[in-house]
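Both ligands and their constituent atoms are indexed starting at 1 by order of listing.
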Amino acid sequence: MGEYCADCGAFHTEGRTCQSIYHDFLALEFEDSAYGQVHFLTVACYMIQHNGYSGEALVWVESKLGTYLMYNLSGPEIRKLAAKDTSSSIRNWEVNRQREAPPLPKVSWSMTIADVKQQMHDAESYCELIIEWGRRTWREMGPLLPEKDQQKRQSD
Ligand SMILES: [Zn+2]
């Protein structure tokens, strides 16, 4: 017996949900910096796969993820990058997707938060899995982006 997540398609048993796993992960990351170093990726992937971001935020996070993966940044570096970006520009756009926003296309993700949960066994494996999740989410998120940004991405 189990249930599929309506947003990301993950399969859950034992009454677990993506949200409950996400909250467990965030708690781990706040308690232990060995887990916390991938915090940016955890939040980004979860939000991307659960329609949490507005169009502008998707474009922003797509470029941040791209930078992260291209330069293979470590936890502290990506945190600095994300913090700089947040503080320097009080954004004039909404981060969260509005309820009346048009529905995004469905992506069949090759990896979800349930896969991370199932395979992790310590901080090291956790970070590796979250990074892999980030890589795949970034690669597969194209259809969620506004059309002009999809074209830009293909020509890059
Ligand atoms: Zn889900």
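With ring centers used as reference points, Y126 lies under 6.0 Å from F25.
A continuous path of hydrophobic side-chain contacts links V43 to F30 [ILVMFWY only; heavy atoms under 4.5 Å].
Inspection of the H12 and E3 side chains reveals no N or O donor paired with an N or O acceptor under 3.5 Å. Side chains of E62 and W138: a donor on one and an acceptor on the other come within 3.5 Å.
Using cut-offs of 30° and 60° on the angle between ring planes, the pair F40 and W60 is perpendicular.
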Using residues 45-52 as the side-chain source, report each donor-acceptor pair under 3.5 Å to any protein atom, sequence neighbours left out, with the distance given to one decimal.
residue : atom : partner : partner atom : Å
Q49     : OE1  : W133    : NE1          : 3.4
Q49     : NE2  : M111    : O            : 3.0
Q49     : NE2  : T137    : OG1          : 3.2
H50     : ND1  : Y46     : O            : 2.9
N51     : ND2  : D7      : OD1          : 3.4

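Taking a cut-off of 2.8 Å, the protein N, O or S atoms nearer than that to the Zn ion (ligand 1) are C5 SG, C8 SG, C18 SG, H50 NE2.
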